[in-house]
*Asks:* 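I have a structure here, written as structure tokens, and I will follow up with some questions on it.
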Amino acid sequence: MNSLSEFDIIKRYFSFADVLPNSDADTLVGIGDDAAVIDVQKNPLVVATDTLIEGVHFPADFLAEHVASRAMGVNLSDFAAMGATPRWMTMALSLPQVEDEWLSAFSQQLAQICQQHNVTLIGGDTTRIDKGLVISLTLIGETQSKSGVCLRRNGAQVGDDVWVSGSLGKGAGALQLLMPSENIMQWPCSDDARSELLSSFYAPEPRLALGKALVGIASSAIDISDGLVADANHIATQSQVQIMLQGDALPIHSGLAAHANYQQVQQWVLSGGDEYELLFTATPEKFAAIQAISLALDLPCTKVGTVGEAKEGGVGVTVSDEGWSAQNQKGYTHF
Ligand code: ADP
Ligand code: MG
């Protein structure tokens, strides 16, 4: 199958926007020309890029469909955190080799998720790389209204409540299942919990509906990709406040309950990345509104702390309750 040229690859695997139903009328020129043309007559544009590197963001033996679902989930999660609606996407793909089976599984999964979220793949670039797959997606979309209002990291106010969606510890737990580094006896993980944790790693579920519903309600938001404390710190820094988390209020994924080492679980919850939940702040008056959204979306949202004044030591994150501490919870950084 190595005889496929890059043009064959594009035609065969990535031109699915042409054949999907409800083809997007606002894509005036899609794949096949020197550039795409989109008709943007509505709201301000939102653009986000994320790159996934084999061996860094996913293990080398990751299935093609998981590379696709993880790449899409991670990118869509940024849109969720902005309360924005994704519409179009470009993809830069660097492949070490051309394998028909791999490309076929990858593109089918990609097409399915694009369709699910009404995203049109309008272009990209396909190149060869010596080793290790690299996939970079750029999502383009729009804000909820003409005004351009969206969720930002810089709006948290002293006195706000701090909330988190879903449950925590999933990303670190899944990594441990994929690449065990500890005595597995410590964690007799049930089959159900195992498959739930792994599927949230293979296909993170972007909290798009929650993000949209929180526009006008939350004062700030971020998606937890690097780790709870690290990402809370981004809100703290950009809003010039203290994020004061209550350790015992944090919603720990039920699959981690059987773990014998609670300290280890605490560590995962505070500094494990790959949660793709939303961390957000809102005034206490919005409590009932957030509960109503949570109920309507069937997605738990938990109040996990409050916003305080930046202390003398500066802005930052604190975690109260026994055994919890924000210290040394750096989260994931590339450099
Ligand atoms: P050029 O040489 O003019 O840059 P390319 O050969 O790179 O054109 O790409 C041809 C067409 O295929 C373009 O419309 C481009 O956007 C699209 N394309 C290339 N690679 C991908 C990809 N991985 N996913 C989606 N579209 C792609
Ligand atoms: Mg090109």
Side-chain angles (χ1 to χ4, degrees), residues 50-74 77 132-133 135 164-207 222-233 245 247-279 299-300 302 304 317 319 321-335:
D50 255 306
T51 301
L52 268 76
I53 302 170
E54 182 177 314
V56 176
H57 300 98
F58 59 93
D61 57 358
F62 228 47
L63 292 180
E65 50 264 48
H66 295 157
V67 176
S69 56
R70 193 159 159 74
M72 289 296 290
V74 165
S77 180
L133 178 83
I135 166 174
V164 76
S165 67
S167 65
L168 301 173
K170 301 190 296 286
L175 266 184
Q176 185 57 227
L177 293 173
L178 286 168
M179 290 174 268
S181 66
E182 65 173 47
N183 184 350
I184 210 68
M185 296 298 287
Q186 288 212 309
W187 187 15
C189 187
S190 72
D191 286 348
D192 280 355
R194 193 183 173 83
S195 75
E196 223 182 279
L197 288 166
L198 287 178
S199 74
S200 84
F201 191 82
Y202 294 144
E205 215 177 291
R207 303 304 191 191
I222 191 168
D223 67 319
I224 306 173
S225 55
D226 294 333
L228 175 65
V229 171
D231 288 314
N233 200 48
L245 301 172
D248 290 344
L250 295 169
I252 301 176
H253 189 276
S254 59
L256 304 179
H259 202 292
N261 185 348
Y262 189 60
Q263 241 181 321
Q264 174 68 85
V265 172
Q266 288 175 312
Q267 167 82 22
W268 286 351
V269 165
L270 293 177
S271 65
D274 298 313
E275 303 281 17
Y276 303 107
E277 297 296 347
L278 296 187
L279 176 71
L299 171 63
T302 312
V304 295
V317 182
V319 191
D321 296 333
E322 202 176 328
W324 297 91
S325 164
Q327 252 147 39
N328 303 318
Q329 309 290 354
K330 293 259 180 283
Y332 185 81
T333 56
H334 282 273
F335 297 101

*Asks:* So does Leu133 get a backbone contact from the side chain of Glu54, meaning a donor-acceptor N/O pair under 3.5 Å?
*Replies:* yes

*Asks:* For a quick test of reading the model, state the closest non-hydrogen atom pair linking Ala258 to Pro188 and the distance between them.
*Replies:* O-CD, 3.4 Å

*Asks:* What is the minimum heavy-atom distance between Gly171 and Phe201, and which atoms define it?
*Replies:* O-CD1, 4.2 Å

*Asks:* Hey, what do you get for CG (Leu278) to OG (Ser165), rounding to the nearest 0.5 Å?
*Replies:* 4.5 Å

*Asks:* Please enumerate all residues that pass side-chain hydrogen bond (donor to acceptor under 3.5 Å, both in side chains) together with Ser271, with sequence neighbours excluded.
*Replies:* Gln267, Gln329

*Asks:* Does the side chain of Trp187 come within less than 4.5 Å of Asn261's, by heavy atoms?
*Replies:* no

*Asks:* Contact between Leu270 and Leu250 at the side-chain level, heavy atoms closer than 4.5 Å - yes or no?
*Replies:* yes

*Asks:* Identify the heavy atoms of Pro59 and Met179 that sit nearest to each other, and give their distance.
*Replies:* CG-CE, 4.4 Å

*Asks:* Locate the shortest heavy-atom distance separating Pro204 from Ser69; write the atom from each residue and the value.
*Replies:* CD-O, 3.9 Å

*Asks:* Say whether, by atom type as modelled, one donor and one acceptor occur between the side chain of Asp231 and the main chain of Ser225 under 3.5 angstrom.
*Replies:* yes

*Asks:* Which distance, rounded to the nearest 0.5 Å, do you find between the NE2 of His253 and the NE2 of His259?
*Replies:* 14.0 Å

*Asks:* Nearest heavy-atom pair of Thr302 and Ala249: which atoms, and what distance?
*Replies:* CG2-O, 3.6 Å

*Asks:* Side chains of Gln186 and Gln264: closer than 4.5 Å at any heavy-atom pair?
*Replies:* no

*Asks:* Does the structure place the NZ or CZ of Arg207 under 6.0 Å from the centre of the six-membered ring of Tyr276, at an angle of no more than 45° from the ring's axis?
*Replies:* no

*Asks:* For residues Trp324 and Val269, determine if any side-chain heavy atom of one lies less than 4.5 Å from a side-chain heavy atom of the other.
*Replies:* yes

*Asks:* Are the side chains of Leu178 and Leu198 in touch, meaning some heavy atoms are under 4.5 Å apart?
*Replies:* yes

*Asks:* Hey, are the side chains of Ile135 and Arg70 touching, using non-hydrogen atoms and a 4.5 Å cut-off?
*Replies:* no

*Asks:* Hey, what do you get for CD (Glu205) to NZ (Lys170), rounding to the nearest 0.5 Å?
*Replies:* 9.5 Å

*Asks:* Given side chains that start at C-beta, do those of Pro251 and Val304 come closer than 4.5 Å, heavy atoms only?
*Replies:* yes

*Asks:* Measure the SG-CD distance between Cys189 and Gln176 for me, rounded to the nearest 0.5 Å.
*Replies:* 10.5 Å

*Asks:* Taking the side chain as every heavy atom from C-beta outward, state whether Val164 and Leu245 have any pair of such atoms under 4.5 Å apart.
*Replies:* no

*Asks:* Could you list the residues that satisfy ring pair (Phe, Tyr, Trp, His ring centres under 6.0 Å) with Phe58, not counting sequence neighbours?
*Replies:* Phe62

*Asks:* Step by step, would you call Arg194 with Leu177 a side chain to side chain contact (heavy atoms under 4.5 Å, CB included)?
*Replies:* CA-CA 8 Å; Arg194 193 183 173 83; Leu177 293 173; 3.4 Å; yes

*Asks:* Donor-acceptor pair, Asp321 side chain versus Asp248 backbone, under 3.5 Å?
*Replies:* yes

*Asks:* As a test of understanding, state which of Leu228, Leu256, Val265, Leu279 forms a side-chain contact (heavy atoms from CB on, under 4.5 Å) with Leu168.
*Replies:* Leu228

*Asks:* Kindly give the heavy-atom pair with the smallest separation between Ser77 and Pro206, and that separation in Å.
*Replies:* N-CB, 3.7 Å

